[in-house]
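Everything on this sheet refers to the single structure shown next.
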Amino acid sequence: MGGYTYIMTNTAFGVLYVGVTSDIARILAHREGRGSAFARKWGCTRLVYIEQHERIEDAIVREKRLKDWNRVWKCRLIAEANPNWDDLWDTINS
């Protein structure tokens, strides 16, 4: 079973939430305020970065590594893949 590693935020260069899931509906839960308590508290409803992995185990390893990264590295990763920090939810669901 595959998985996704993703980053949610409340605004460009705002609070960052790094997550992992095997079901893309988890991201919808964050958007609707039903995700993690942290994401809900800080209003992290915008999907700004996502990676797909063939195995959920690989997604979990990547999530742990991203969580260890400093904020500047995470912001640079997002900016390289998504320069305008656009909400990618509609893009991945079209």
Side-chain angles (χ1 to χ4, degrees):
M1 176 192 306
Y4 301 88
T5 304
Y6 60 93
I7 302 176
M8 308 285 296
T9 189
N10 55 354
T11 187
F13 299 96
V15 174
L16 301 177
Y17 173 83
V18 178
V20 65
T21 186
S22 62
D23 183 355
I24 207 82
R26 173 77 171 146
I27 296 168
L28 180 59
H30 287 301
R31 294 175 61 82
E32 295 174 344
R34 299 179 291 110
S36 73
F38 178 90
R40 184 172 44 257
K41 175 182 178 180
W42 295 103
C44 296
T45 59
R46 294 175 55 190
L47 175 67
V48 291
Y49 184 79
I50 189 164
E51 296 176 351
Q52 188 171 7
H53 302 271
E54 289 186 23
R55 299 176 336 122
I56 188 64
E57 294 84 3
D58 297 332
I60 292 167
V61 167
R62 177 65 166 163
E63 177 207 26
K64 289 178 181 179
R65 288 183 180 153
L66 287 176
K67 285 185 174 185
D68 283 341
W69 282 19
N70 67 48
R71 179 178 174 75
V72 171
W73 295 351
K74 292 174 195 172
C75 288
R76 186 176 304 136
L77 176 71
I78 295 164
E80 288 174 359
N82 183 2
N84 296 322
W85 287 61
D86 295 324
D87 188 344
L88 303 174
W89 179 251
D90 290 335
T91 305
I92 66 169
N93 283 295
S94 56

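Predicted, not measured: the structure shown is a model, and the values here were computed from it. Count residues from 1 along the sequence. Side-chain atoms are counted along with the backbone in the values below, which use heavy atoms only and exclude waters and symmetry mates.
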Notebook entry, point to check: Does Arg40 reach the main-chain N or O of Gly35 with its side chain, forming a donor-acceptor pair under 3.5 Å?
Noted result: yes
Next item on the list: Treating Ile, Leu, Val, Met, Phe, Trp and Tyr as nodes and any side-chain heavy-atom pair under 4.5 angstrom as an edge, say whether Tyr4 and Leu88 lie in one connected cluster.
Entry: yes
Notebook entry, point to check: Which atoms form the tightest heavy-atom contact between Leu16 and Cys75, and what is the distance?
Noted result: CD1-SG, 4.1 Å
Notebook entry, point to check: Minimum heavy-atom separation for Tyr6 to His30, with atom names?
Noted result: OH-NE2, 2.8 Å
Check: Which residues pass the salt bridge (charged side-chain N to carboxylate O under 4.0 Å, His left out) test with Glu32, sequence neighbours left out?
Finding: Arg34
Notebook entry, point to check: Between Val18 and Ile78, is there a shared hydrophobic cluster once you connect ILVMFWY residues whose side-chain heavy atoms come closer than 4.5 Å?
Noted result: yes
Margin query: Is there a side chain to side chain contact (heavy atoms under 4.5 Å, CB included) between Asn93 and Leu28? Walk through the geometry before answering.
Written below: CA-CA 11 Å; Asn93 283 295; Leu28 180 59; over 6 Å; no
Next item on the list: Before giving the answer on salt bridge (Lys or Arg N to Asp or Glu O under 4.0 Å), spell out for Arg26 and Asp23 the whole-Å C-alpha distance, their side-chain angles and the decisive distance to 0.1 Å.
Entry: CA-CA 6 Å; Arg26 173 77 171 146; Asp23 183 355; over 6 Å; no
Checklist line | Expected output: side-chain Thr9 to main-chain Cys44 donor-acceptor under 3.5 Å | finding: no
Check: Which heavy-atom pair separates His53 from Thr5 by the least distance, and what is that distance?
Finding: NE2-OG1, 3.2 Å
Item checked: Step-by-step side chain to side chain contact (heavy atoms under 4.5 Å, CB included) determination, Tyr49 to Lys74 -> CA-CA 10 Å; Tyr49 184 79; Lys74 292 174 195 172; over 6 Å; no
Margin query: Do Asp86 and Thr91 have side chains that approach each other closer than 4.5 Å (heavy atoms only, starting at C-beta)?
Written below: no
Check: Do Leu47 and Ile24 sit in the same hydrophobic cluster, where Ile, Leu, Val, Met, Phe, Trp and Tyr count as joined when their side-chain heavy atoms come under 4.5 Å apart?
Finding: yes
Next item on the list: Tell me, yes or no, whether the heavy-atom count around Lys41 atom NZ, taken from other residues, nucleotides or ligands under 6.0 Å, exceeds 12.
Entry: no
Checklist line | Which atom of Ala59 lies closest to which atom of Gly3, heavy atoms considered | finding: CB-C, 4.0 Å
Check: Which heavy atom in Ile7 sits nearest to a heavy atom in Leu77, and how many Å separate them?
Finding: CD1-CD2, 4.5 Å
Item checked: Flag, side chain of Asp87 to backbone of Trp89, donor-acceptor distance under 3.5 Å -> yes
Item checked: Donor-acceptor under 3.5 Å (Asn82 side chain, Val48 main chain) -> yes
Margin query: Would you call the rings of Trp69 and Trp73 parallel, tilted or perpendicular, taking 30° and 60° as the class edges?
Written below: perpendicular
Notebook entry, point to check: Under a 4.0 Å N-O cut-off, is there an ion pair linking Glu80 with Arg76?
Noted result: no
Note to self: Donor-acceptor pair, distance only, cut-off 3.5 Å: does the side chain of Arg62 make one with the backbone of Val20?
What the structure shows: no
Note to self: Within this structure, what is the CD1-CD distance for the pair Ile92 and Gln52, rounded to the nearest 0.5 Å?
What the structure shows: 9.5 Å
Next item on the list: Mind listing the closest non-hydrogen atom pair of Met8 and Ile27 along with its distance?
Entry: SD-CG2, 3.9 Å
Next item on the list: Flag yes if Trp42 and Tyr17 sit in one hydrophobic cluster, no otherwise; membership is Ile, Leu, Val, Met, Phe, Trp, Tyr, and two members link when side-chain heavy atoms are under 4.5 Å apart.
Entry: yes
